[in-house]
Amino acid sequence: MKPIIVSGIKPSGKLHLGNYLGMVKKSIELQSSGKYDCHYFIADYHALTQKYKPEEKAADIFELAVDLLALGIDPERSVFFMQSDILEHANLAWLFDCITTAGQLQGMIEFKEKVQEGQPASVGLLNYPVLMAADILAYKAAFVPVGEDQRQHLELTRDVARTFNKRFGETFLEPKGIFVEGLRIKSLDIPEKKMSKSLPKGCLYLTDSAEAMKKKVRSAVTDSGTEVVYDPVNKPALANLILIYSEMTGRTANDIVAEHKDSGYAKFKDAMAVAVSSSLIEFREKRADIAAHPKKVRDVVNIGAEKARIIAAKTLKEVKEKMGLI
Ligand code: TRP
């Protein structure tokens with residue numbers, strides 16, 4: 001049996017290059033390696049912990065499913081589904097609640113940050129990491145590809161697995177994170193900050209037109225000097241552009257720099273925008289095709305749910321029995 005991988009992606013608006021070049025690209029690579037049994041889902045339940053409009057959320061969920069399919073999550077090779085379709089996740093979360101303390105959850109960085117930002121401290125927001133543990137342990141995952149920001153939540157999953165095993169008998173692996181290291185795509189206009197939709201001028205969306213990309217890249221900040229060199233310490237803004245260029249085209253930074261050394265920033269930026277945009281042509285075509293058939297998207301996740309449910313139901317049954325439910 002191949003090692004099991006589980007990962008969830010929260011629907012929170014259009015995907016940008018920072019999202020894609022983080023966990024999404026990694027997840028697709030892990031799928032393509034053929035070495036793992038991958039389970040990828042849209043974490044729609046996790047997307048309800050902050051204020052939102054139902055119709056916007058429904059659109060976000062659909063768009064994310066379309067994006068992921070167009071990017072290469074392949075439902076023939078990975079189990080691809082919607083979290084809320086598998087009732088066992090929330091059910092397992094309750095059972096894990098009973099072996100988790102409020103103190104563990106109140107200490108989570110993300111919870112504290114969100115509350116500080118003024119989000120209501122809902123029980124859902126507090127309980128978020130336990131549902132995540134349920135998502136992962138339902139499939140007895142060995143590995144979990146996630147962003148750095150999820151490290152503490154994954155640690156909680158490992159705590160839950162350990163506590164469960166100790167109290168009720170050896171059942172779960174303690175899943176290991178596959179952290180997408182080093183690849184932090186920055187905002188084009190504020191290179192000290194991560195690329196994010198809250199900084200729209202510096203954010204390149206996968207669905208941006210070639211023109212829109214060119215415009216944003218042209219107004220990206222650059223560092224002083226004129227020479228195109230890859231120097232993340234002294235020229236972080238330029239290094240960010242080179243990194244995006246390299247990651248999207250598969251060319252090495254050295255190769256890109258060698259070609260553009262004497263181009264000057266303006267010419268380099270245009271070339272970069274064209275290359276990045278061109279690398280997404282196939283994605284855009286696939287995306288348009290998939291988005292035109294919403295029913296097919298539903299069918300795809302339904303098939304995934306059928307596969308996922310079999311495994312999650314088996315785990316839930318085992319957990320209930322071990323916890324003394326008859
Ligand atoms: N909390 C994760 C995030 O915000 C999304 C997520 C939910 C997840 N359940 C998961 C990731 C299970 C990995 C495994 O990115």
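Atoms within each ligand, like the ligands themselves, are counted from 1 in listed order. Values reported hereafter were calculated over all heavy atoms of this structure, with side chains retained and with hydrogens, waters and symmetry mates removed. Just so we're clear, the structure is a prediction, and the values are computed from it rather than from any experiment.
Ranking protein heavy atoms by distance to atom 7 (C) of ligand 1, first place goes to His46 ND1, 3.2 Å. Annotation: atom 2 (C) of ligand 1 to nearest protein heavy atom, Gln150 OE1, 3.4 Å. Looking from atom 4 (O) of ligand 1 to the surrounding protein, the closest heavy atom is Tyr128 OH, 3.0 Å. Ranking the protein heavy atoms by distance from atom 5 (C) of ligand 1 puts Gly8 O, 3.4 Å first. Ranking the protein heavy atoms by distance from atom 9 (N) of ligand 1 puts Asp135 OD2, 2.7 Å first.
Near Ile136, with a cut-off below 4.0 Å to any heavy atom, the atoms of ligand 1 are 12 (C), 14 (C). Atoms of ligand 1 found under 4.0 Å from any heavy atom of Val146 (numbered from 1 in listed order, with element): 11 (C), 13 (C). Below 4.0 Å from some heavy atom of Val144 lie the following atoms of ligand 1, by number and element: 13 (C), 14 (C). Within ligand 1, the atoms closer than 4.0 Å to a non-hydrogen atom of Ala43 are 7 (C), numbered from 1 in the order shown.
Atom CD of Gln152 has more than 12 heavy atoms from other residues, nucleotides or ligands within 6.0 Å.
Residues Tyr20 and Asp67 form no side-chain contact, since every pair of their non-hydrogen atoms from C-beta on lies 4.5 Å or further apart. A 4.5 Å side-chain heavy-atom check between Val6 and Phe143 finds every atom pair outside the cut-off.
The salt bridge (charged side-chain N to carboxylate O under 4.0 Å, His left out) search around Asp85 returns Arg298, not counting sequence neighbours.
Ile28 and Leu69 fall within the same hydrophobic cluster, defined by Ile, Leu, Val, Met, Phe, Trp and Tyr side-chain heavy atoms under 4.5 Å apart, directly or through other members.
Residue Tyr139 does not touch ligand 1, judged by heavy-atom distances below 4.0 Å. Both the backbone and the side chain of Ser7 come within 4.0 Å of ligand 1, judged by heavy-atom distances. Neither the backbone nor the side chain of Ile9 comes within 4.0 Å of ligand 1, counting heavy atoms alone.
Residue-ligand proximity: Met132 is placed with a non-hydrogen atom under 4.0 Å from ligand 1. Heavy-atom distances between Gly147 and ligand 1 stay at or above 4.0 Å for every pair.
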Carefully, step by step, assess Gln31 and Tyr36 under the rule side chain to side chain contact (heavy atoms under 4.5 Å, CB included). CA-CA 7 Å; Gln31 162 193 279; Tyr36 305 96; over 6 Å; no

Checking side chain to side chain contact (heavy atoms under 4.5 Å, CB included) for the pair Phe172/Arg158: CA distance, chi angles, key distance, verdict? CA-CA 9 Å; Phe172 298 112; Arg158 293 165 59 83; over 6 Å; no

Run the side chain to side chain contact (heavy atoms under 4.5 Å, CB included) test on Asp37 and Met1 for me, step by step, so that the C-alpha distance in whole Å, both residues' side-chain angles and the decisive distance to 0.1 Å come before the verdict. CA-CA 8 Å; Asp37 189 359; Met1 231 175 61; 5.8 Å; no

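A distance of 6.0 Å or more separates the ring centres of His89 and Tyr45.
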